[in-house]
Each structure stands twice: as structure tokens, then as C-alpha cells.
A.B. asks: 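My structure is below; once you've seen it, I'll send some questions.
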There are 2 protein chains.
Amino acid sequence: MPLLTTAKAAEEAGVGRETLRFYEREGLIEKPIRGNSGYRQYPPETIARVRFIRRAKELGFTLNEIKDLLDLSDPPNAECAQFRAHAKSKIEDIRSKIGKLRKVERALSSLVDTCERSGTPRKCPILDALED
Amino acid sequence: MPLLTTAKAAEEAGVGRETLRFYEREGLIEKPIRGNSGYRQYPPETIARVRFIRRAKELGFTLNEIKDLLDLSDPPNAECAQFRAHAKSKIEDIRSKIGKLRKVERALSSLVDTCERSGTPRKCPILDALED
DNA sequence: CTTGACCTTGTAGTATACTACAGGGTGTAG
DNA sequence: CTACACCCTGTAGTATACTACAAGGTCAAG
């Protein structure tokens, strides 16, 4: 059974029913086909897409950024060179984000270390983590 | 000259004047001392803190999460064991975030690779990047 | 063939994080 | 001592991302 009703699709994707409608309005997912009654019928691809959106949001991407990311794979990617440039800049953004997160992680680890050695830190390593 | 007026502090920190007032209201930064005229006078530590807030926000942390992160270093961290547990759970969160970002990065890289080899991808690797 | 769980639409409300006034005081340069 | 740029407060508006109705239609069970 590939097609799901709103309630089931929402549950499968891990979001609220209204969120699906909201994503539809915002163009983040395709408009689902409708049955005779006008009820929405969601295909599994849309569920996968919504799951991705949910997780990407947890990673701190905005809906616009997520749309961008998703558009990199499905649309008429006419110009390969243009696509590559776009994708590569996204990759750079993500790498820089990873690098900064690692710095915060290291700062927190150093706080835990200091604490385990019963020393009181002189200066906060967290603030320094994201300096230029 | 350690103390800065609102406009200068905002410029130094890379935010708007009103944002400093907002962060003050929300308890994200200390209330600055005031001159005779009632004008705010920001110390450099506050500027550093606001810079951290700005960058952490770019990494996808909410203001509440950032407050939490900052509270891990400056407050009366009475119970070391409790502090360690809290910090370690934050570290785990960040590590998991880094792992997921790496998956998205790899998915994008594979899209670029496919494109460079002039092949059209059968299935979108981005959607799969954040599956369970 | 009624009941109740589901669906539809449009619209309004919430939380987060600012951002922009209005109305008034301050401080310094010429 | 008058501009004018800056500061103050309180309040209202914006963008993002939902979330919750209200009013009504659909459908499957008993």
C-alpha cells in the first residue's frame, strides 16, 4: 500500500498533520494526488522527503536552506557547471560548520577535563571556541 | 578604553543596537553598568559573549541552547558531577550533529562526483543521507 | 442510516528572534 | 547655546515555522 492519508503520512514522517499542509503550501513537498473525495494521498517519496526535512532542521538548517539542498538533486539541473558550483559552495558551508562544531565540542571537553582534575578554569574556553 | 556605548558595542559584536537590548532582557548577557546619563557601558567580555552567541546561532543553536552552553562555564557550578553529566550530554549532541552533517556533506560530494562523470544519478543521495 | 473518526478549507494564534518606531533626554562641536 | 548625533524607554511590527481552530464534507462500522 504505497499511498497514505494525511494522518498516517504525518505519523510516518514524524510531523503534525498541519505541517504537511504547511510544507505543501511552501513548496517543500509536491502536492499529493487526491482521491475522489478530495482526500490527499501521499506517496512514500514524500514521506522520505519530510523525514529529511525534519532531520535537517534538527541540524540547524532553515527551511529555505533545506529547499535549496533538496533542489540540488531533483530539479532540471540543466547547467552542470552551475550545479557543481552551487553544490560545492554548500559543501564548503557544511565543512565550515563541522569545523566550528568541533571547536565547541573541544571547548566543552576541556571544561569536563578541568572539572575532573578538580581544578577551576581560569578562563572560559567556550567563548574562545568560536573566535575568528 | 574598555567600555563601549551601545552603537559601538553593537558594531564590534556584529549585531544591531536593539539586539543588545533584546539579549539583555532575555538574560543572555549581563546588564551593563550605566554612566551618569543612564547610558549603557559595555565591557569587552560582553562583546566577546555576543560574538559567540552570533556564531553559535549560525551553527544552528537556538538562543536557549546557547544560554545553556554559556551557563556551563560561568555560573556557580556547585555540583561537579552534575555539571559533568550536563556537559557530556551536550558533547554527545554536538558529536551526533557533526556525524549527520558529514553524511549530508558526503551526499553532496557524491552528487558532484556523478555530475563530473557526466552520469545522471538514479536516486537522490541527499534524501538517504539522514535516514535512521 | 446514524455515529464517529477522519478529511477538507480558510483563518487565526503561538514561539522565537529580532527590528523598527515614537517620544523624549543627553552630550559635544561650532 | 543651538544643532545634531547619540542615548533612553516602551511598545508594536516582521519573518520563520509551525499549531490550532471553526465550519463543513466523507466514509466505514454497526
A.B. asks: Do the side chain of B/R54 and the main chain of B/A13 share a donor and acceptor less than 3.5 angstrom apart?
C.D. replies: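 Yes, the answer is positive, given that a donor and an acceptor are paired below the 3.5 Å cut-off.
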
A.B. asks: Using C1' atoms of five pairs at each end, report the bend of the helix from C/dC1-D/dG30 to C/dG30-D/dC1 rounded to 10 degrees.
C.D. replies: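 The angle separating the two end axes equals 0°.
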
A.B. asks: Where along residues 45-60 of chain B does a heavy atom come under 4.0 Å from DNA chain C, residue by residue in number order?
C.D. replies: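 Heavy-atom cutoff 4.0 Å gives B/K57.
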
A.B. asks: So does A/Y23 get a side-chain nitrogen or oxygen closer than 4.0 Å to the phosphate oxygens (OP1/OP2) of D/dC18?
C.D. replies: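 A/Y23 to D/dC18 OP1/OP2: side-chain N or O found under 4.0 Å.
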
A.B. asks: Sequence neighbours excluded, which residues qualify as side chain to side chain contact (heavy atoms under 4.5 Å, CB included) partners of B/A48?
C.D. replies: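 B/A48: no side chain to side chain contact (heavy atoms under 4.5 Å, CB included) contacts found.
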
A.B. asks: Can you give one letter per nucleotide of nucleotides 2-13 of chain C, 5' to 3': B if a protein heavy atom sits under 4.0 Å from the base, S if only from the sugar-phosphate, - if neither?
C.D. replies: ----BSSBBB--

A.B. asks: Distance check needed: D/dC6 P versus B/L20 CG, whole Å only.
C.D. replies: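 Distance, rounded to whole Å: 16 Å.
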
A.B. asks: Name the atoms and distances for all side-chain donor-acceptor pairs under 3.5 Å in residues 82-91 of chain A, with sequence neighbours left out.
C.D. replies:
from, atom 1, to, atom 2, distance (Å)
A/R84, NE, B/E116, OE2, 3.3
A/H86, NE2, A/D68, OD2, 3.1
A/K88, NZ, B/E116, OE2, 3.2
A/S89, OG, A/H86, O, 3.4
A/K90, NZ, A/D68, OD2, 3.1

A.B. asks: Just to verify, what does B/T62 make a side chain to side chain contact (heavy atoms under 4.5 Å, CB included) with, not counting sequence neighbours?
C.D. replies: B/N64, B/E65

A.B. asks: Below 4.0 angstrom, N of the basic side chain to O of the carboxylate: do B/R95 and B/E92 qualify?
C.D. replies: yes

A.B. asks: Partners of B/E12 by side chain to side chain contact (heavy atoms under 4.5 Å, CB included), sequence neighbours excluded?
C.D. replies: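 If we apply the side chain to side chain contact (heavy atoms under 4.5 Å, CB included) test to B/E12, skipping adjacent residues, the hits are B/L4, B/I47, B/R51.
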
A.B. asks: Could you give the CG-to-P distance, from B/L4 to D/dC7, as a whole number of Å?
C.D. replies: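 Roughly 11 Å, once rounded to whole Å.
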
A.B. asks: Specify the separation, in whole Å, of atom CD of B/E65 and atom P of C/dA17.
C.D. replies: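 Rounded to whole Å, this separation is 9 Å.
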
A.B. asks: Please list, chain by chain and in numerical order, all residues satisfying side-chain hydrogen bond (donor to acceptor under 3.5 Å, both in side chains) with B/R102, sequence neighbours excluded.
C.D. replies: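 Applying side-chain hydrogen bond (donor to acceptor under 3.5 Å, both in side chains) to B/R102 gives none.
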
A.B. asks: Given atom NZ of B/K31 and atom P of D/dC8, what is their separation to the nearest angstrom?
C.D. replies: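 From B/K31 NZ to D/dC8 P: 13 Å.
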
A.B. asks: Starting from C1' on D/dC18, measure out to CG on A/L63 and report it in whole angstrom.
C.D. replies: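 It works out to 9 Å between those atoms.
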
A.B. asks: Can you sort out the partners of B/R106 under side-chain hydrogen bond (donor to acceptor under 3.5 Å, both in side chains), two or more places apart, ordered by chain and number?
C.D. replies: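 Not a single residue meets the side-chain hydrogen bond (donor to acceptor under 3.5 Å, both in side chains) criterion with B/R106.
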
A.B. asks: How many whole angstroms separate atom CD of A/E24 from atom P of D/dT19?
C.D. replies: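 It is 17 Å, rounded to the nearest whole Å.
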
A.B. asks: Give every residue pair that meets the side chain to side chain donor-acceptor pair (under 3.5 Å) criterion with at least one member in residues 25-48 of chain A, sequence neighbours excluded.
C.D. replies: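 Qualifying pairs: A/E24-A/R40.
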
A.B. asks: Do side-chain atoms of A/R49 reach the backbone of A/L28 as a donor and acceptor pair under 3.5 angstrom?
C.D. replies: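 Answer holds: yes.
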
A.B. asks: For the pair made of CG in B/N36 and P in D/dC7, what is the distance, rounded to whole Å?
C.D. replies: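 In whole Å, D/dC7 P and B/N36 CG are 16 Å from each other.
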
A.B. asks: Under the rule for salt bridge (charged side-chain N to carboxylate O under 4.0 Å, His left out), what residues qualify as partners of B/E18, not counting sequence neighbours?
C.D. replies: B/R21

A.B. asks: Given atom NZ of B/K67 and atom P of C/dA17, what is their separation to the nearest angstrom?
C.D. replies: 12 Å

